[in-house]
Amino acid sequence: MRPGHFHMGLDIKTNGRTGFPVHAAADGYISRVKIESVGFGNAIYINHPNGYTTVYVHLDHFTPALEAYVKEQQYKLERWEVLLDIPPDLFPVRQGQVIAASGNTGGSMAPHLHFEIRDTHADENRNPFLFGLPIVDNLPPVLSRVGVYDGDQSVYLQVPRLYPLAPASGVYTVPGHEVVTHATKVRLAIGAVDLQTGSANKLGIYSATVFVDGKPVNGFTLDRFGYDLTRYVNAHTDYSLKTGGGPSLEFLSPLPGDLLPIYHPASEDGLVHLNDDEPHPVRIEVKDAAGNTSVAAFTLRREGPAPVNDQGDLFLPNQVNVFENDEFLLYLPEHALYDAVRPVFQNLGSTAAEPGSVPLSPVYSVLASSIPVEDSFTVSIRPPATLPDQETGKYVIFETGARAHHVSRVTWSKGWASARLKDLGEFRLLRDDTPPEIRPLGWTDGAQLSRRGVLSVAVKDNLGSVNGFRAELDGKWLMFSYKGDVYTYHFDAHFPPGEHVLTLSVYDEAGNLTRRTYHVSR
């Protein structure tokens, strides 16, 4: 489970080095190539006759023929980041054929190969541990705690009761072997990691099932779903608890707005219903894909009167939710929320703006940054004063969230500035007239570049919102790759010997442009 997404494949270590040969898993053809600065980096997709697609990610480079084809398409499109659909007859492969070299590109934090298996037609990821790979695993999952929630109340309007789990007589249990609650409906969550023989890494668990009085109530199995659902990791886990510095917990029943197809409820809501004050034995079985199993066992008992849940006016999942006053509007589409939340509008006043920008509104919030959302939503702000250059000015909405900040250029309508965002937090309207900076790395205007293999520049924006980069050599597009804020050109035939004019242009999210021209030779 990663921030904002599931890890959808298997990471294969490469001894901390790049450049190992990557072989096709089976016969097929290269159907797609992806190049991006984050995420997959350099990736190859192979379609196979049995209806599966294998994906090879974070590659350093491709085989020469494929490398030449990709570069030709990049120059034709004048884009370094591409997603290329390749005709089936262009690059057929046989099982074991070398297709690339392993690398550390994209969002990779260390050299490795990320490997996926997908259903080609449905474009759904399958758990690669289910395909008979020669991976030894004799270690069961390790359980750390169980979380207990009032099932009649939103998980975002309560703090769970956490019970540590410790092994005793072959099973994990809580102190005193009993959990007492006032709730008549109980939602359970588990804190657990999986281990693998020969590795120090902590992996995600494959499945968990809850039994009450010996009967299955609910659980989940992580065997298949697509990238279109991967953000639902924020619903499967207690996002608020984790972002607040608490432990990682996985819910054993779906939240009302969770559309992941991983759960298998035995009842309509998958919650534990306590209709009496008797102790009920609970058993939670946690498994990895190899079948290694760990068990938590304890009794669950209701005690005392059920709590009164007067939650007030709420935003509810599975419906459109809108907050609006004279200065601020928040529009959440139907599938934005996972569970109910209480909107609390705050005008936090004026604080120091980001360097190089001018604040045009106070800082606003309605929902805390610890509330996760699935879909993009709209924020609109009406500035206190009329801005004469609304349509031409460089205006953005700046959002500060739980993990990072985001910048979105606004559109104007009837005096309101609106932007689409993906994370809740604190919002303000800014004017940003500060263009990005371009800084050559190790070379200057007039440089002789014959001895260099690469040419690099660093690009920086005051709001961290670089939105476009273009390089031209003598008026023709030149391909720079980039990772982070460093853009790099690898010398090739597109930069012949002689005197040249190199022009670099950088845009930020607000539309500010910096253009620099350099006279260089090779």
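Hydrogens, waters and symmetry mates play no part in the numbers below; they use all other heavy atoms, side chains included.
Of the charged side-chain nitrogens involved, none lies within less than 4.0 Å of a carboxylate oxygen, so that Arg342 and Asp313 do not count as a salt-bridged pair. A salt bridge links Glu124 with Arg224; the closest basic N to acidic carboxylate O contact falls under 4.0 Å. The existence of a salt bridge linking Arg126 and Asp223 is excluded, since no basic side-chain nitrogen approaches an acidic carboxylate oxygen closer than 4.0 Å. A salt bridge between Asp432 and Lys394 is absent, with no side-chain N of the basic residue lying under 4.0 Å from a carboxylate O of the acidic one.
Here the straight-line distance linking atom CE of Met479 with atom OG1 of Thr488 works out to 12.0 Å at 0.5 Å rounding. In this structure, Leu513 CG and Tyr507 OH are separated by 5.0 Å, a value rounded to the nearest 0.5 Å.
In terms of heavy-atom proximity, Ala340 sits nearest to Ser154 at O-OG, 2.5 Å. Closest of all the heavy-atom pairs between Asn347 and Pro362 is OD1-CB, 3.2 Å. The two residues Met8 and Thr230 come nearest to each other via the heavy atoms SD-OG1, 3.9 Å. The two atoms that bring Tyr338 and Arg231 nearest to each other are OH-O, 3.4 Å, heavy atoms only. Listed here is the closest heavy atom pair of Pro111 and Asn104: N-OD1, 3.5 Å. Nearest heavy-atom pair, Asp238 versus Pro160, reported as atom, atom and distance to 0.1 Å: OD2-CG, 4.1 Å.
Side-chain atoms of Glu36 come within 3.5 Å of backbone N or O of Phe40 as a donor-acceptor pair. Within the 3.5 Å criterion, the main-chain N or O of Val501 finds a donor-acceptor partner in the side chain of Asp474. Looking at Thr120, its side chain does come within 3.5 Å of a backbone N or O of Thr53 through a donor-acceptor pair. A distance-only check finds a donor-acceptor pair linking the side chain of Asn321 to the backbone of Leu316 [under 3.5 Å]. With Thr105 contributing its side chain and Leu59 its backbone, the two residues share a donor-acceptor pair below 3.5 Å. The closest donor-acceptor contact from the side chain of Ser370 to the backbone of Ser240 lies at 3.5 Å or more, if one exists at all. A donor-acceptor pair under 3.5 Å links the side-chain atoms of His500 to the main chain of Pro496, judged by distance alone.
Ring to ring, Tyr75 and Trp477 are close: their centroids are under 6.0 angstrom apart. Proximity of the aromatic rings of Phe377 and Tyr331 is defined here by a centroid distance below 6.0 angstrom, and this criterion is not met. Ring pair Tyr489/Phe491: centre-to-centre distance below 6.0 Å. Residues Phe91 and Tyr69 bring their aromatic ring centres within 6.0 Å. Aromatic ring centres of Phe345 and Phe323: separated by under 6.0 Å. Between Phe220 and His236, the ring center distance clears the sub-6.0 Å criterion. Ring to ring, Tyr482 and Tyr487 are close: their centroids are under 6.0 angstrom apart. A ring-centre distance under 6.0 Å is not found for Tyr263 and Phe251. The distance between the ring centers of His121 and Tyr52 does not fall below 6.0 angstrom. Checked against a 6.0 Å centroid threshold, the rings of Tyr156 and Tyr239 do not count as neighbours. Aromatic rings from Tyr518 and Trp443 are positioned such that their centres are separated by under 6.0 Å.
No donor-acceptor contact under 3.5 angstrom links the side chains of Ser450 and Arg522, judged on distance only. A side-chain N or O of Arg420 and one of Thr378 form a donor-acceptor pair less than 3.5 Å apart. Judged by distance alone, the side chains of His114 and His7 do bring a donor and an acceptor atom under 3.5 Å apart. A donor and an acceptor atom, one from each side chain of Glu327 and Tyr364, are located under 3.5 Å apart. A donor atom on one side chain and an acceptor atom on the other are not found under 3.5 Å apart for His335 and Glu374. Donor-acceptor pairing under 3.5 Å is lacking for the side chains of Thr221 and Ser207. Side-chain contact, Glu116 with Asn125: a donor N or O sits under 3.5 Å from an acceptor N or O. With 3.5 Å as the limit, one finds a donor-acceptor pair spanning the side chains of Asn201 and Ser199. Between the side chains of Ser505 and Arg470, not a single donor N or O lies within less than 3.5 Å of an accepting N or O.
With Tyr395 as the aromatic partner, Arg431 meets the cation-pi criteria of under 6.0 angstrom to the ring centre and within 45 degrees of the ring axis.
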> Which is it for Asp445 and Arg516 under the salt bridge (charged side-chain N to carboxylate O under 4.0 Å, His left out) test, yes or no, and what are the steps along the way?
Replying inline: CA-CA 10 Å; Asp445 186 28; Arg516 297 284 183 266; over 6 Å; no
> Passes side-chain hydrogen bond (donor to acceptor under 3.5 Å, both in side chains), Ser37 versus Glu81? Steps please.
Replying inline: CA-CA 7 Å; Ser37 63; Glu81 289 193 314; 3.1 Å; yes
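The aromatic rings of Phe427 and Phe328 are tilted relative to each other, their planes meeting at an angle between 30° and 60°.
In this structure, Arg428 and Pro359 have side chains that are in contact, with non-hydrogen atoms separated by less than 4.5 Å.
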